[in-house]
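Structure first, then comments.
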Amino acid sequence: MKKGDHLFLVDGSGYIFRAYHALPPLTRKSDGLPVGAVSGFCNMLWKLLRNARDTEVGVTPTHFAVIFDYSSKTFRNEIYPEYKANRAEPPEDLVPQFGLIREATRAFDLPCIEMEGYEADDLIATYARLAVEAGGDATIVSSDKDLMQLVGPCVSMYDPMKDREIGIEEVVEKWGVPPEKMIDLQALTGDSIDNVPGVPGIGPKTAAQLLEEYGDLDTLLSRAGEIKQNKRRENLLANADKARLSRELVRLKNDVPVELGLDALELRPPDGPKLIAFLKAMEFSTLTRRVAEATGTDAAEVEPAFVEVEEGAAARGPDVGTASPSGGDGTGVPEEADTPEKLARKRAEAALGEAIDHAAYVCIRDLETLGKWVEEAREAGLVAFDTETTSLDPMQAEIVGFSLATAPGRAAYVPLNHKSGNGDLLGGGRVDGQIGTAEALSAIRPLLEDGSVLKIGQNLKYDWLLLFRQGIEIAPYDDTMLMSYVLEAGAQAHGMDALSQRWLGHTPLSYKELTGSGRAKVTFDMVDIEKATAYAAEDADITLRLWRVLKPQLAARGLVSVYERLERPMVSVICRMEHRGITVDRQILSRMSGDFAQTAAAMEEEIYALAGERFTIGSPKQLGEILFGRMGLPGGTKTKTGQWSTSAQVLEELAAAGHELPRKIVDWRQVTKLKSTYTDALPGYIHPETGRVHTSYSLASTTTGRLSSSEPNLQNIPVRTAEGRKIRTAFVAPKGRKLISADYSQIELRVLAHVADIPQLKQAFADGLDIHALTASEMFGVPVEGMPGEVRRRAKAINFGIIYGISAYGLANQLGIPREEAGAYIKRYFERFPGIRDYMERTKAFCRENGYVETVFGRRAYYPEIRSSNPSIRAFNERAAINAPIQGSAADIIRRAMMRMDAALAQDGLGDVVMLLQVHDELIFEAPEEMVDKAIPIIRTVMENAALPARALSVPLKVDARAADNWEEAH
DNA sequence: GTGGTCTCCTA
DNA sequence: GTAGGAGACCACA
């Protein structure tokens with residue numbers, strides 16, 4: 001190696017983890033072998049070998065090596081045995097890819113370097129030093145902060161996923177210190193992932209500031225006594241040794257006795273046939289074609305290589321779905337793909353490489369141009385659509401503009417209400433050169449309502465509701481967020497940024513950068529139109545590209561019907577419910593707030609008297625100090641931060657032992673909870689125009705398929721205590737109308753009886769018996785007639801425990817009995833109902849094998865951590881996996897009922913009976929008084945038959961329904 | 001102002 | 001023991 005030469009050092013081990021988490025997880029070879037990370041790795045290598053000059057690196061490599069970790073044990077474990085001790089096992093579908101990536105490196109004819117006892121980082125440090133000493137330059141292909149200490153005048157880093165070079169300046173910008181101080185910085189901050197201790201309470205910001213002031217770690221430690229902040233000084237003094245140890249752990253070893261010299265790393269031209277043989281074996285068709293072109297090889301002539309994978313690694317077969325492949329993609333270009341799997345793979349591969357060009361986006365400022373785009377969308381048969389507004393709440397938001405995309409890269413933004421930013425007191429007027437909102441909406445309404453044009457959104461619920469307020473009903477539509485939710489609930493986030501990153505390998509423009517944050521935050525109408533165009537059009541563009549990738553994935557995974565029958569139709573159903581809202585009586589709540597305030601004030605005086613001092617009752621820390629410190633009461637459990645727990649359970653126990661203060665605290669908490677969370681907060685959610693409360697349901701935020709409700713959460717309105725239940729009297733029907741509440745009785749136990757196939761339970765439900773009493777009688781041999789309440793209560797707790805993936809620990813806690821006794825109950829339960837234990841074992845085994853579990857309707861919930869080597873994480877995931885099919889099937893059933901409800905009611909002339917709320921197993925309706933009697937039987941029938949005809953449950957479903965003037969009486 | 005912890009409300 | 005959302009407090013920036 002000589003001056004002018006340039007060595008590329010790829011951090012292979014780092015890359016594989018990053019690729020795995022950033023790239024599509026579902027990429028598999030036709031035999032089911034997961035190859036997503038391998039695919040990303042090969043594409044990256046090819047790009048660097050061919051076009052490194054065109055990337056941010058800007059130079060062509062003359063020398064090249066890929067470096068791997070040899071094993072997890074290195075010399076660092078000798079100085080600190082706990083180093084990297086809490087590393088989780090790699091995910092199951094990543095394991096076989098480790099070997100494949102080494103194979104890939106060899107197929108590229110590149111040196112593949114690893115060495116026992118050293119981390120890849122040490123080898124990289126050594127080669128970087130050698131290159132610099134030889135007069136050359138080095139580029140480390142990685143974005144790992146642990147390598148940043150190596151950056152210097154002749155050594156830089158390169159992040160291939162973000163196409164970003166990291167030099168001295170970037171390190172300073174990111175960490176506040178130059179590369180040579182990174183070691184000291186890391187020694188101070190530590191690293192929880194690698195288990196490097198560091199100094200507690202010191203993060204990157206503080207560390208940088210300290211190093212700036214004191215120069216280096218040794219000086220800092222020797223002068224730590226001068227630091228003004230008490231906590232910081234004490235931490236530094238007490239942990240100086242830890243900091244020094246950490247420094248040794250993070251400092252990379254740059255004198256590893258490497259076997260290969262620099263000359264052996266010299267880059268050779270690729271061996272076309274050898275590389276193509278490997279790529280064909282991996283079924284990377286796009287890259288195969290590119291390599292064939294570039295090397296002048298006839299790919300058809302090359303046989304796929306035989307690539308061996310460690311045994312058991314590819315045990316799982318492909319998942320061939322029953323659904324048909326998706327239809328046209330709207331580009332008009334026929335694609336050769338004879339199976340959904342191939343199309344899905346092809347699309348995913350292609351999408352990763354495509355560039356996003358903000359400069360190509362169009363800003364539409366006149367009706368004529370808008371008309372042309374509408375026409376273009378009609379011809380394409382589909383359009384991605386996104387709105388920009390002034391608020392996150394679609395019930396309050398004003399439209400600022402909207403964007404369209406008709407093909408990848410072909411996107412436009414239509415500004416409607418942008419204001420000039422120079423804010424005099426009048427706030428700057430509307431900017432010229434924008435189409436009027438009403439005219440623009442009229443222009444696109446026919447498109448949005450056109451039955452032959454598919455509208456594609458990301459979280460379309462927002463845009464749908466916004467336009468519904470303008471009288472526009474978008475149909476037909478698809479939602480990429482919901483597609484992702486169906487594909488990978490529990491495995492990943494479904495927001496646009498996450499999806500774009502994962503499927504397109506692209507980080508979208510940041511909303512925060514556009515509008516600012518904190519005090520300086522502005523609404524979207526204050527954003528400059530040019531910047532808004534890039535941002536908004538990109539959103540539509542990305543949504544369209546995501547749709548092209550995700551739609552075939554649904555088919556390939558057999559999840560089209562889950563998406564189309566359980567998910568997509570919910571958008572319009574939920575929008576109508578949110579739009580209607582529910583009437584909340586301000587007076588009732590305000591009166592209650594007043595009462596609560598008085599009660600609480602009186603209680604506070606009593607509490608201060610009993611405690612002998614005034615303190616912040618709401619502070620668990622202060623309360624704990626008084627109860628368990630000054631008053632010396634026996635403390636029960638501790639929280640994970642080492643504080644004494646002051647939970648209701650602990651306080652109740654103290655109260656039962658005759659202590660007066662804990663009792664008062666429990667009562668005070670109840671009152672203040674009801675006041676702050678409900679009676680004080682709810683009126684603030686009454687909409688200024690509709691006078692009603694419009695909650696927001698999230699369709700994609702639970703792993704199991706349940707909805708969640710927020711702002712306000714109307715799924716946790718109190719019901720258990722008489723005091724709390726009063727809050728429900730404030731949820732009322734307007735004059736002349738009634739509220740109807742209809743709830744499933746024991747739906748989850750019924751689902752359990754069905755899926756686990758338990759004869760006694762099924763019979764009991766068929767006979768309409770009291771299920772908890774029956775359980776008790778089976779378990780304890782007590783006749784149902786004249787059964788003591790306590791016996792039934794215990795059986796009920798066990799039944800719930802089963803649904804939650806029972807543990808002796810949990811049941812003991814719930815019932816307040818010793819763990820051994822709880823264990824004995826569970827044992828007896830399993831003896832009486834052996835089918836339940838079988839179901840649990842079956843479910844866990846399935847989840848370990850596949851990474852997910854399924855509801856009765858085929859919805860999947862992913863629990864990748866069920867294979868964790870950490871027993872408590874594993875046990876937690878096992879319980880969740882047992883619960884998900886039960887909770888999720890019940891969620892699917894009520895979704896099916898909700899989707900059919902409006903049509904069923906309308907069919908019988910009850911169009912005025914409307915659904916307002918869903919609370920997991922309960923639906924709340926509002927109906928004209930005279931329709932109530934007719935509506936209730938229809939509602940019950942729809943709900944009780946909701947599983948049909950898709951699934952015939954082997955137990956009947958039962959629904960109780962009644963009507964009243966308020967929610968408390970109706971429930 | 002933001003994020004973490006603790007507590008508590010629901011099915 | 002499952003699934004959620006939210007308010008208060010408190011330490012940090």
Side-chain angles (χ1 to χ4, degrees), chain A residues 201-206 209 229 231-232 489-490 517-521 616-624 638-651 665-666 669-670 672-678 680-682 685 695-698 701-721 724-725 727-728 743-744 746-748 752 797-815 819 822 826 840 861 863 872 875-888 890-891 894 917-922 971:
Chain A
I202 297 200
K205 290 275 152 55
T206 314
Q209 184 200 326
Q229 297 93 332
K231 212 163 212 166
R232 194 173 289 174
S517 61
R519 188 181 285 274
K521 192 175 166 179
T616 309
I617 308 172
S619 161
K621 193 162 163 252
Q622 292 184 33
L623 178 61
K638 291 216 175 157
T639 67
K640 62 182 166 189
T641 50
Q643 288 281 333
W644 286 111
S645 167
T646 66
S647 67
Q649 192 182 346
V650 170
L651 298 185
I665 301 285
V666 170
R669 278 192 185 160
Q670 195 205 355
T672 52
K673 169 85 181 174
L674 294 175
K675 180 169 185 294
S676 66
T677 309
Y678 301 103
D680 285 354
L682 277 173
Y685 288 101
T695 183
S696 173
Y697 287 103
S698 169
S701 65
T702 72
T703 306
T704 54
R706 274 191 177 180
L707 305 181
S708 75
S709 156
S710 61
E711 293 179 290
N713 181 355
L714 294 186
Q715 292 181 321
N716 71 346
I717 302 303
V719 69
R720 289 170 57 180
T721 64
R725 198 153 50 233
I727 289 167
R728 294 189 170 216
D743 68 292
Y744 284 106
Q746 314 281 13
I747 186 167
E748 293 192 349
L752 173 69
I798 296 169
N799 278 333
F800 275 103
I802 294 293
I803 291 171
Y804 297 154
I806 202 152
S807 78
Y809 175 83
L811 184 63
N813 255 344
Q814 175 67 31
L815 286 176
R819 182 130 33 128
I826 296 170
M840 290 182 161
Y863 296 99
S872 71
F876 177 79
N877 279 273
E878 286 175 352
R879 290 192 297 271
I882 288 168
N883 173 256
I886 304 168
Q887 188 186 111
I894 196 165
L917 303 177
Q918 188 249 42
V919 192
H920 307 309
D921 65 358
E922 175 187 12
H971 183 74

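Each chain gets a letter, A, B and so on, in the order the sequences are listed, and its residues count up from 1.
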Next item on the list: Give A:Ser698 one of three labels, base, sugar-phosphate or nothing, depending on what nucleic acid heavy atoms sit under 4.0 Å from its own.
Entry: nothing
Next item on the list: For A:Gly805, answer base if it contacts any base atom (sugar-phosphate contacts may also be present), sugar-phosphate if it contacts only those atoms, and nothing otherwise; contact means non-hydrogen atoms under 4.0 Å.
Entry: nothing
Check: Using a cut-off of 4.0 Å on non-hydrogen atoms, how would the nucleic acid contact of A:Lys621 be classed: base, sugar-phosphate, or nothing?
Finding: sugar-phosphate
Could you run down the sub-3.5 Å N/O contacts of the protein with nucleotides 7-11 of chain B?
unit_1	atom_1	unit_2	atom_2	d
B:dT7	OP1	A:Thr646	N	2.7
B:dT7	OP1	A:Thr646	OG1	2.9
B:dT7	O3'	A:Arg669	NH1	3.1
B:dC8	OP1	A:Arg669	NH1	2.9
B:dC8	OP2	A:Ala648	N	2.9
B:dC8	O2	A:Lys673	NZ	3.0
B:dC9	O2	A:Asn716	ND2	2.9
B:dT10	OP1	A:Val719	N	2.7
B:dT10	OP1	A:Arg720	N	2.8
B:dA11	O3'	A:Val919	O	3.4
B:dA11	O3'	A:Asp921	N	3.3
B:dA11	O3'	A:Asp921	OD1	2.8
B:dA11	O3'	A:Asp921	OD2	3.2
B:dA11	N3	A:Arg706	NH1	3.0
B:dA11	N3	A:Arg706	NH2	3.3

Check: Listed by chain and number, what are the side-chain hydrogen bond (donor to acceptor under 3.5 Å, both in side chains) partners of A:Thr672, not counting sequence neighbours?
Finding: none
Note to self: If the condition is salt bridge (Lys or Arg N to Asp or Glu O under 4.0 Å), which residues does A:Arg819 pass it with, not counting sequence neighbours?
What the structure shows: none
Checklist line | Residues forming a side-chain hydrogen bond (donor to acceptor under 3.5 Å, both in side chains) with A:Ser676, sequence neighbours excluded | finding: none
Next item on the list: Search all heavy atoms of A:Asn713 against all heavy atoms of A:Ile717 and return the closest pair with its distance.
Entry: O-CD1, 3.9 Å
Note to self: Just to be sure I understand the rule, does A:Phe876 reach a base, reach only the sugar-phosphate, or reach nothing, if contact means heavy atoms closer than 4.0 Å?
What the structure shows: sugar-phosphate
Next item on the list: Could you tell me whether A:Gln814 contacts a base, only the sugar-phosphate backbone, or nothing, with contacts defined as non-hydrogen atoms closer than 4.0 Å?
Entry: base
Next item on the list: Check side-chain hydrogen bond (donor to acceptor under 3.5 Å, both in side chains) between A:Gln643 and all other residues, then give those that pass, not counting sequence neighbours.
Entry: none
Check: Under 4.0 angstrom, heavy atoms only, what part of the nucleic acid is A:Thr672 near: base, sugar-phosphate, or nothing?
Finding: nothing
Next item on the list: Answer yes or no: is there a side-chain heavy-atom contact under 4.5 Å between A:Val919 and A:Ile894?
Entry: no
Check: What residue pairs, at least two apart or across chains, pass side chain to side chain donor-acceptor pair (under 3.5 Å) with a residue in residues 798-811 of chain A?
Finding: A:His772-A:Asn799, A:Thr775-A:Asn799, A:Asn799-A:Tyr829
Next item on the list: Have a look at A:Ser619 and say if it touches a base, only the backbone sugar-phosphate, or nothing, with a 4.0 Å heavy-atom cut-off.
Entry: sugar-phosphate
Checklist line | Any residue meeting side-chain hydrogen bond (donor to acceptor under 3.5 Å, both in side chains) with A:Asp743, in chain and number order, not counting sequence neighbours | finding: none
Next item on the list: Indicate, with a heavy-atom threshold strictly under 4.0 Å, whether A:Ala489 touches base, sugar-phosphate, or nothing.
Entry: nothing
Next item on the list: For A:Asp921, enumerate each residue passing the salt bridge (Lys or Arg N to Asp or Glu O under 4.0 Å) test, keeping only those at least two apart in sequence or located in another chain.
Entry: none
Check: Checking all strands, does A:Ile803 fall into the base, sugar-phosphate, or nothing category for heavy-atom contacts under 4.0 angstrom?
Finding: nothing
Next item on the list: Extract, from 5' to 3' on DNA chain C, the first and final nucleotides lying under 4.0 angstrom from some heavy atom of chain A.
Entry: C:dG1 to C:dA13
